[in-house]
Each structure stands twice: as C-alpha cells, then as structure tokens.
Amino acid sequence: MAHRPYMSSAERRHSVLKAAVRILLLVLGAPDGVVVAQSHLLGASTTTRVKSISFTFEDVQVEPESVLKELIATRAPRLKDRLPGLLQRDRDAFRLDPIELQRDVVRLRTHLQSIGFLHARVDYAASRYDLGKDEIRVRFTIRHGPPVIIQDVGFYTNGGYLASAFEGEVRARWISFRDRTSFRTGDRYTTLGAVQIEDEVLGWLYDQSYAFATLDTQVEIDTVHSTADISFFVDPGPAGIIAQVDVEGTRRVSTRLVERALPFKVGDAFANRHLVKGQRALFELNLFQIARVHVPPQERDSTVTVRVDLREARQRYLSAETGYEQRHGLLGRGRWSHRNFMGGARIFTVTVELQTGVLASKAALLHRLGRASVALTQPNIFADNLTAVIEPFVQIEKDPLLLDTSLPFGINRREYGASGTLIYGRLTTRVFSLQYSMARAAAFSDGSAVETRDAYSKGIVTLSGLLGWTDNLLNPRRGYSIQSFVEQGGALEHLLGQQGLEYAKVSVEASGFIPLTQDLFIGMRMAGGHLWPGHADAEILYRDSIGAAKDPQFFSPMENRFDPVRFYVGGEDVRGWSSGLVGPKEVRGALVRDEDGAVVYVGDEPQTSIARYEPVGGLVRASAGVELWYRLGGPWRVAVFLDAGQVSSRSVEEPGCTRLAFRDAMATQPVVVQCGFSDTGRLAWGGFKLGTGIGMRYETPIGFVSVDLAVKVNPDALDLQTPRNAFLVSRGLAEAERSQLSRLGVHVSIGQVF
C-alpha cells in the first residue's frame, strides 16, 4: 500500500479550502479554477504568485501606470524577469503578501491625496485569482473624485503684501517672478507644487541679496467644497553685502588663486547663484577633492560672511589606461601631470600613447601608432572661462592606407610639430575651441616599382564646438549632443610658397537619447561632412606615352596626404562593416614567389603573403542611426539598431588601369596611382548601405561595455568576399567566392552609449 506524504496542519487546511472553493464554483456555474477576488482574496495565500498588476480608472487617469507601480511594494514579473539564468529574478519576489497589498492601497491613496484628490478611493476588488495555477492578477480600481481647486493664493510679509517690501526694479522683478511662478486660481493643489514654489521663492530672494530670508506656508483646505487657500508668509530680512570671504583648507594652493576663481568679492551684493557658480569653478580647477562655498551661521544683518571650505587633491599624479579597439588592438596611455605647475593652476602634462595592433581584428586594417607629447595648460587667460594649451608632439605610425615599408615595425609615416589651442567653456557639454597646429610630416612607401618619401608641411586651423546636455554622462536616460568643426589647411604654407596640404573641411554630428517608457529608450544620431581639396581638378599622367587626365586625389603624393583627411564610414557608425569599409575599396595583396619569381602554389591555390581591403573614403559623408534599448534589470540592457551611411566616392570601369604612371611622356617621373575610382563629391539616395542587428550592454563605472551582432542588409560584391579571394580574382588566379556569412559582423566597444 502506498503511503500518503506527510502534510502539516496548515497545508491540510489550505488543501481543504481549495477543494471547498472548487465545489462552490461548480455549484455557482463559474469557470473551473477562476475566482473573482474580493478584499479578502478568497483562496489566495502567501504561496500565490502575482501574475500581473494593472489599473482601472473609474473617472479620469491623471498619472501613467508606470508611476503608480513605482509607489507600491507588490511586484509582478516583466519580460526581463522571465529570462532564464542570470537575468531571472528570484521567484519569491513575486509572491503575494496580502498585508503588503493592503498597505499598497494606503500608499496609493496617500499619493493621490498629495496631488490634490482628498476623496480618492482605491481597492483591488477586480483582481482575479486562478486557483488551478495559484496565480493572481492584481487589478487596482481607482476613483480620483473631485480635485482640490486653489481658491486663493497670497504672498505676505509683516507689513502686508510682500510686494510692498520691495522698491524700484526689485519690486518689478518680484511681480514678474510671482506672476510666472505661483499657483493660479483654479489650478489643482498639490503638496509637491507648494514645496517647489517655496524653493523657487527662497532661491529668488537669495539671488536678490536677501541672504537670510525665511518663508512659512499655510494651507487651509475646505474638505466639503474641495478648495484650498494658500498663504506664503515671507520675511526677506535685510539685503546683504559680502563683507568677508573666509578660505579654509588651503596648503599648497594660494588663497589668491582661490579668490580669483570666485565670481564675487568683498563689497559685492550677495547672490546665491554666484556661490553656486564659484563652487563649480573651484572644482573645475582640478585642484581640490572638496570645495564648498556657503553662508555659515551668523548675525542676521546687512553684512554677509561667505566661507569656502576646501580639501586639496594631490598636485602630482601618474595615471595609466588601457583598452581595446578592433582596428587598433590593445591600446595604452600613460600620463604624468602636475596640476599646479609654478602656481596659477597651470597643468603640466607628459603623455605617451600606443596603439599596438596586438589582438586586432584580422578583418580590420591594422593601424599602429606611437605618440609622445608635452602640454602646458593655462586656465583663465584673458577671461574666466578661457583656457590656453600649448602642446609640442612627435608621432610615428603604421598607416594601413599607405604602402608597406621595410622600416622597423612597418613605420610608414612620421610627424612632429606643435599645436596651440584656446578653449572657451568649462562644462563638458558646452565647449568651443580654436586650434592652430603646425607640423612637418613624411610618408614612406616601398612599392613594387617605385620607392617614395613624401615630406610636406601641415598648417591646420580648426574651429570646433560641442553643445549638449545629458542627465548622466555615462548612463543617460535623456540628453542630446551636437558636435561640429570647420577646418582649413595650407593657407599659411601657400602664402609662404611652401609645399603643403591644402583643403577646407566641415563636419556636423548630432545625437539624442530619450526615454519612451521607464525601461525603453531610443537613441538617434546623424552625421555629415564635406571636404574641398585645394589642388587642381585634374592633371595629365602618361602610360606608354599616351596622356590622360587624372584626379590628383587618387595618385601620389596627394593620395597619401589626403588619406587621413577624407571621410570614412563603417564600424561605429554603420555596424556590420569593418572600420571605414562602407563604400568603394581597393584590394591590396602580394603573391608569394620563389627564387625564380614564380608564384608559389599550395595544392591548386596560389599563396598570398597578405591581402586586405583599403577604404577609398570620400569627399562627402552622410550617416544616421537609430537604436532601441530595453532595460533587463541590474546592469544589463538589450538593444536593436539600424544604421545607414554613404561616402561620395564611386568605383568606375577604367580600361588599362595600372598602379604605375608617369608625369611626363618620357616616363622619367613615376607616380603610384589608385586607379578605378572617382569622387565628384555627390551622394546618391540609392548609395546608402544599411546595417541592422541586436546587441547587449553591460554598465560599468567607466561606461557601457557593448557587444553587437550586426548584419549587412545590402552589401556590395566585395563585402561578401574575403580580401584574399578578391585579390586572387583581380589577378585572374581564382573564381569569385561569395559567402553569406560575410554579412555578419561583431562590434565591441566601451564608453558612452550612443
């Protein structure tokens, strides 16, 4: 005989209760297992799982359900809570607590009363309990009732109305402020609204020199007629003049430097906004761990003592950073700084940067770089918000857009020079700068038929600006950013008769991030730019004594000089493609040959030493993207995105195309030509490349780690071929092999969200 499992008395009572409910339902003819819940939730217990939470409004809906759900303790699983593994919340978090549900009713009612509905009614009688699954769908029914309407509002002082306490311009400013700030007769009264007006009125008084103003609010509510009379009793006190500024906590930083950073001095009329501005200015000096500007307790008279409490940061510090980027591989930066060099809050910085190429993606063009610089930053030059920076530098790099060389580490470009920059603005999202950079550059190329060393001067003037706002730089819920620059190169060199790099360039990028719901966000970005080269439209090149007009931007040395200046799309802005590879590209490669010069074969396939794509770039670019984020819980987010972009260059059929031509019919002045391309500086609607996909985001203290899987929606033929296969096809040594797997791309990034 089988033994019944042991049951506790509580479990037996619960089992009997469920059976009784089933019998009752059958007798009443109700659907089996479904109960219309009453206030005592017949059949439900602490083992019951909350299936969902919803709201019904009998009269009007004043606030969205997402706001009301944040007020209650009872929780129901959302989409993110149904995911398996690490993303699934503890199921016990969704168990029903009948006592807590009663408290939720009180919480909702209290909130509704605070926003002006004194007679609000809340219950959960419409909830539905599924006995078979032991689940409940909680439904709160809300009736707001009549709102409390403001009947009268007044601002008073000991002598009567507050306006009588002011004279002249101050009185006119008060009346204007009062009329645009206070409650209006007929508005719905809310507790939060009264507190906000108190803060705004006191803030206005503090900014009008009334450092010791006080305010008391009295609200008389007629519960029968649902009306409110609001009286604000204000004591402005005497208008204050700053009589003393006490600076505490300085050791190595001079008091004079602190006083210079403050936007007020002894003898000025007191204004609280100046204290806030001064505190921000002290933090932005980057010399203090703590900076507090405030009014300490003191006698309530016409003189005001302001106190500045400081704690100095270390003046000398050494920092090191590392990171990873698909094209550059492992990145490194070391920096030594002195934050008060020779006094005056000058910053002296020595920086070394490396792009190693280690672990770089094989699909990306390998870019190695080493840069060393020394910078001296002088704040508050000529004006409080104007900063000057002087920075000499030296840089060597292996630029994948240049031909390979036999120099150490494959270096094919070196550059040295200095830049001077004026920066206006202190906020990280409102900055404007003017920079002039002068440098001497040399590009080295070891081609198969000609060796070149192109040395030239660079003098570049750049005017740039950043305008934006965000509620959080690393994890924004909403915000926008507009970045732009105008750049001109070669004007000074042209006047001096030197050979340089001449062009004009403009670029604009805009992005925005806004919440659609509590957990769903949308990000959008757009970018565009135009480049105007300073060289002639065409030059005559010769091959086999036959001349033809060629665009100088596609043959050396102009091509090498303009490669870093042209616009590129792909990678961060159009995912699915590797960095810069949206649009036309040139196939580069080299065959492995034996001692006799014959191609080496492995089986039936010719062997290549290296093959890769070089992006051509364009004189004009346009790109845009939209991304939807959903908060999964904790640090996790999931995203879907759509990107589009285009550059103005085009591939063209060019019979007899060759990489080697000559400037003269006698073939004595060779040049290397990047043939088969043209660039008129025009875009075509049908030329946009689209990338779409899905990604994961993980929040860290330094920003989001993002991993995206992207798909090329409309790839070109070369986008579906490996560089090796495309190179062999161009040599007539293989048939084209296109793989649909080449549509996929994985993108990894760390930093800001969009």
Side-chain angles (χ1 to χ4, degrees), residues 325-329 355 357 360-369 397-403 412-413 443 460 462 464 483-485 487 489 501 503-511 525-533 551 553-554 558-588 612-625 643-651 674 676-684 687-691 708 710 712 714-716 718-719 723 726 745 747-749:
E325 204 271 342
Q326 286 180 306
R327 180 181 176 186
H328 304 139
Q355 296 175 1
S361 170
K362 294 181 180 180
L365 293 173
L366 179 62
H367 192 166
R368 290 191 175 101
L369 179 144
E397 61 184 304
K398 173 182 171 54
D399 188 339
L401 302 181
L402 294 177
L403 296 177
N412 53 18
R413 178 182 279 121
I460 300 172
T462 305
S464 61
Q483 302 180 63
S484 63
F485 71 83
E487 195 169 88
L501 182 65
Y503 67 91
K505 185 177 183 180
V506 62
S507 177
V508 178
E509 297 184 14
S511 62
R525 53 178 163 76
M526 298 180 65
H530 201 300
L531 170 68
W532 294 270
D551 188 338
Q553 64 181 303
F554 290 114
M558 300 307 291
E559 187 232 338
N560 294 340
R561 298 182 187 183
F562 274 96
D563 276 343
V565 181
R566 290 168 67 84
F567 290 104
Y568 300 91
V569 172
E572 294 182 357
D573 46 6
V574 181
R575 285 159 286 189
W577 279 264
S578 295
S579 180
L581 289 182
V582 166
K585 38 195 158 286
E586 183 178 17
V587 183
R588 278 202 196 158
R612 65 191 183 205
Y613 289 133
E614 174 191 342
V616 174
L619 299 178
V620 177
R621 70 164 287 199
S623 65
D643 299 331
Q646 181 185 177
V647 291
S648 57
S649 57
R650 298 286 182 270
S651 297
Q674 188 183 45
F677 304 100
S678 69
D679 195 340
T680 61
R682 293 189 179 94
L683 300 176
F688 281 93
K689 297 300 180 184
L690 304 178
D708 294 319
K712 302 178 182 71
N714 54 341
D716 290 333
L718 289 183
D719 292 329
H747 299 264
V748 181
S749 63

Mind checking the CZ-CZ spacing from R650 to R682? Nearest 0.5 Å is all I need. 11.0 Å
Between the main-chain N or O of Q646 and the side-chain N or O of K689, is there a donor-acceptor pair closer than 3.5 Å? no
Minimum heavy-atom distance between S484 and V508, given as atom pair plus value: CB-CG2, 3.9 Å
Verdict with reasoning, Y568 to V582, per side-chain contact (heavy atoms from CB on, under 4.5 Å): CA-CA 7 Å; Y568 300 91; V582 166; over 6 Å; no
Once rounded to the nearest 0.5 Å, what's the spacing between atom OG1 of T462 and atom NZ of K505? 9.0 Å
Does V506 form a side-chain contact (heavy atoms from CB on, under 4.5 Å) with F485? I'd like the steps, not just the answer. CA-CA 6 Å; V506 62; F485 71 83; over 6 Å; no
Can we say R525 and D573 salt-bridge, meaning some charged N sits less than 4.0 Å from an Asp/Glu carboxylate O? no
Does the side-chain contact (heavy atoms from CB on, under 4.5 Å) test come out yes or no for F567 and S648, once each step is laid out? CA-CA 9 Å; F567 290 104; S648 57; over 6 Å; no
In Å, rounded to the nearest 0.5 Å, how long is the span from NZ of K398 to NE2 of H367? 10.0 Å
SB check K712 D719 (cutoff 4.0 Å): no
OG of S511 to CD of Q483: how many Å apart, nearest 0.5 Å? 7.0 Å
Closest contact, heavy atoms only, P615 versus G580: CB-O, 2.9 Å
Within this structure, what is the CZ-OG distance for the pair R621 and S649, rounded to the nearest 0.5 Å? 13.0 Å
Using a 3.5 Å distance criterion without hydrogens, assess whether the side chain of N714 forms a donor-acceptor pair with backbone atoms of L690. yes
Student check: side-chain heavy atoms of F554 and V616 closer than 4.5 Å: yes
Here the gap from R575 atom CZ to S749 atom OG, rounded to the nearest 0.5 Å, amounts to 8.0 Å
N412 side chain vs D399 backbone, donor-acceptor pair below 3.5 Å: yes
Is there a side-chain contact (heavy atoms from CB on, under 4.5 Å) between Y503 and I460? Walk through the geometry before answering. CA-CA 9 Å; Y503 67 91; I460 300 172; 3.5 Å; yes
Which of these passes side-chain contact (heavy atoms from CB on, under 4.5 Å) with R566: D679, V647, V620? D679
Closest approach of P715 to W577 (non-hydrogen atoms, all atoms of both residues): CA-CZ2, 4.1 Å
Testing the basics here: between A622 and F688, what is the closest heavy-atom pair and its distance to 0.1 Å? O-CE2, 3.9 Å
So does H747 get a backbone contact from the side chain of D708, meaning a donor-acceptor N/O pair under 3.5 Å? no
Is K585 reaching over with its side chain to a backbone N or O of L718, donor-acceptor style, under 3.5 angstrom? no
